[in-house]
Protein chains: 2
Amino acid sequence: MPQADEVQNDASTRLAVSTVIFALRPDHTGRPVLWTPLVRRTREPQLGLWALPGGWLPPNEELEAAAARTLRLTTDLAPKYLEQLYTFGEVDRSPGGRVVSVVYWALVQSDEAARAAVGPNVRWVPADTLPGLAFDHNRIVDYALWRLRTKVEYAEIAHAFLGETFTLAELREVYEAVLQRPLDPANFRRTLLASGTLRETGERLAGAPHRPPKLYRYDSSARTAEAREPFTRERPAS
Amino acid sequence: MPQADEVQNDASTRLAVSTVIFALRPDHTGRPVLWTPLVRRTREPQLGLWALPGGWLPPNEELEAAAARTLRLTTDLAPKYLEQLYTFGEVDRSPGGRVVSVVYWALVQSDEAARAAVGPNVRWVPADTLPGLAFDHNRIVDYALWRLRTKVEYAEIAHAFLGETFTLAELREVYEAVLQRPLDPANFRRTLLASGTLRETGERLAGAPHRPPKLYRYDSSARTAEAREPFTRERPAS
DNA sequence: ACAAAAGTGTTATCAGTACACCCATGT
DNA sequence: ACATGGGTGTACTGATAACACTTTTGT
């Protein structure tokens, strides 16, 4: 797409795709908080440091597919939500040659994430208290956290942390964990039901020593056209 | 930043930077509407078609600087607002080899845009009724329009179309042109003044056969921390 | 004086918030 | 029966919208 009089770029600039992955897990006190998987670098530069999952962009793979693939490779999970975050391209962000990284962010179902693949080179850490990461990856995760927190307030993405059906209390816990503040159960119920994006399943969750709550299912079809954004995927193809 | 076991991408994927530029100009009825400059392609592929200003990414130039440079090259203008829009990388979006384009969007001062450089290969067109562009550039402009229209509702960017000082009526006309609907002058006044981002200059605009309106200046320092977004530039360095 | 835009005042409506209170279940 | 979370009712508040009204200028 460049203008004709421009010189073509050479191979000295390389193109990578990375993904910031979020799931909810209990912290040491039992409260659910955001966790993210990291991979240990096994080569220079920055050998041994923890970094975001990612890799060079294969010539025949779509950007989003590359993000979903690295997600599957490191966690053995499929994302329930996947969206492009930003492209980082500062000239000096990587020692040893310029790297432009197209970064995606993903949400994965939290109970599946508990069974996610781990190993000596894959490790889950709380997203708010990261260790020092390779390259500019701390900054990238911070930005992804900012996007998640601002977006969960106006978009219906919290259900991506949950399974097919869920109670309103479970959904509220997701919001509380992401936004890091308590929400009024009564108002939360009304607001979400009024959004029209939840459908009753007709079932209830039994077993707890309390009144059994109704189970709901997310219904994406009920969203208005204005609320829909371009280039976002509910169920990304992996 | 890739994982060690990945294969490095080769030169078959090339990296470009393009910019969607917006300014306000009167349409045939005299009402201000959004216009955008296009450049004619002088090489294959898509020779002769109109396309977004852009070019290959030079190895030692920042992404944003490349966007500002192509903006200056095609219009001889400096952007008053410049922000990354999205990265387009579909495998088949360009015939003749894969191209990943990091796309920026920019706002330029409208009275300056009236004096912008034009020529046989540069042409301004109304952004809402584009001709058929090269590659996927129609889709890109549509997305940029969507971003501009949603962002102008919650962020203070409309002043970027105007000069240093402006009246509230001028600012309202910008909003009306971008949002394509009339706004109540009284409520607009109160809302904008309540935002705290406008400063009186003490001067008034005389000459019109009416009560002379006060002139205001935009004051970015008055924004709250939550309203500030990462990776956005008020006065980009070109 | 008068037309027209600048600028002010007033009220209605609606979304978000706080919180009191009733309901239904396992133990 | 009772503790506990599920679920409903209601009143308060602040932001937005609609629109009547007053002010100030050039002609």
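All values below were derived from every heavy atom in this structure, side-chain atoms included, with hydrogens, water molecules and symmetry-related copies excluded. Here is how names work: the chains are called A, B, and so on, in the same order as the sequence lines, proteins then strands, and each is numbered from 1.
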Is there a side chain to side chain donor-acceptor pair (under 3.5 Å) between T87(A) and T87(B) once you walk through the steps?
CA-CA 7 Å; T87(A) 296; T87(B) 296; 2.5 Å; yes

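One finds a salt bridge joining D128(B) and R149(B) here, because a Lys/Arg side-chain nitrogen approaches an Asp/Glu carboxylate oxygen to under 4.0 Å.
Among the protein residues, A186(A) comes within range of the nucleic acid bases, having at least one heavy atom under 4.0 Å from a base atom. In this structure, A169(A) reaches the sugar-phosphate backbone alone: every heavy-atom distance under 4.0 Å involves primed, P, OP1 or OP2 atoms, never a base.
Distance from the side chain of N187(B) is smallest for dC19(D) among the nucleotides dC19(D), dG16(C), dA6(C). Here dT8(C) is the nucleotide among dT8(C), dG7(D), dC19(C) with the atom lying nearest to any side-chain atom of R189(B). The nucleotide whose nearest atom lies closest to any side-chain atom of K214(A) is, among dG16(C), dG7(D), dC19(C), dG7(D).
In this structure, R204(A) does not reach the dG26(C) phosphate: none of its side-chain N or O atoms is under 4.0 Å from OP1 or OP2. Note on R211(B): every side-chain N or O is 4.0 Å or more away from OP1 and OP2 of dT23(D).
Atoms NE2 (H210(A)) and C1' (dG26(C)) sit 9 Å apart, rounded to a whole Å. Going from atom CG of L205(A) over to atom C1' of dA24(C) covers 14 Å, rounded to whole Å. The interatomic distance linking E170(B) (CD) with dA5(C) (C1') rounds to 13 Å, in whole Å. Rounded to whole Å, atom C1' of dG6(D) lies 13 Å from atom CG of L215(A). Taking atom CG of L168(A) as the reference point, atom P of dG7(D) lies 7 Å away to the nearest angstrom. Distance, E200(A) CD to dG6(D) C1': 13 Å, rounded to whole Å. Atom P of nucleotide dA5(C) and atom CZ of F166(B) are separated by 21 Å, given to the nearest angstrom. Distance CG (D184(B)) to P (dA12(C)): 17 Å, rounded to an integer number of Å.
Between the base of dG9(C) and the side chain of R190(B) there is a donor-acceptor pair shorter than 3.5 Å.
Around atom CZ of R139(B), more than 12 heavy atoms belonging to other residues, nucleotides or ligands sit under 6.0 Å away.
Side-chain contact between F231(B) and F88(A) is present, with at least one heavy-atom pair separated by less than 4.5 Å.
Of the two residues near DNA chain C, G207(A) and T191(A), the one whose nearest nucleotide lies more 5' is T191(A).
For the side chain to side chain donor-acceptor pair (under 3.5 Å) test with Y81(B), the passing option among K151(B), Q109(B), H159(B) is K151(B); the others fail.
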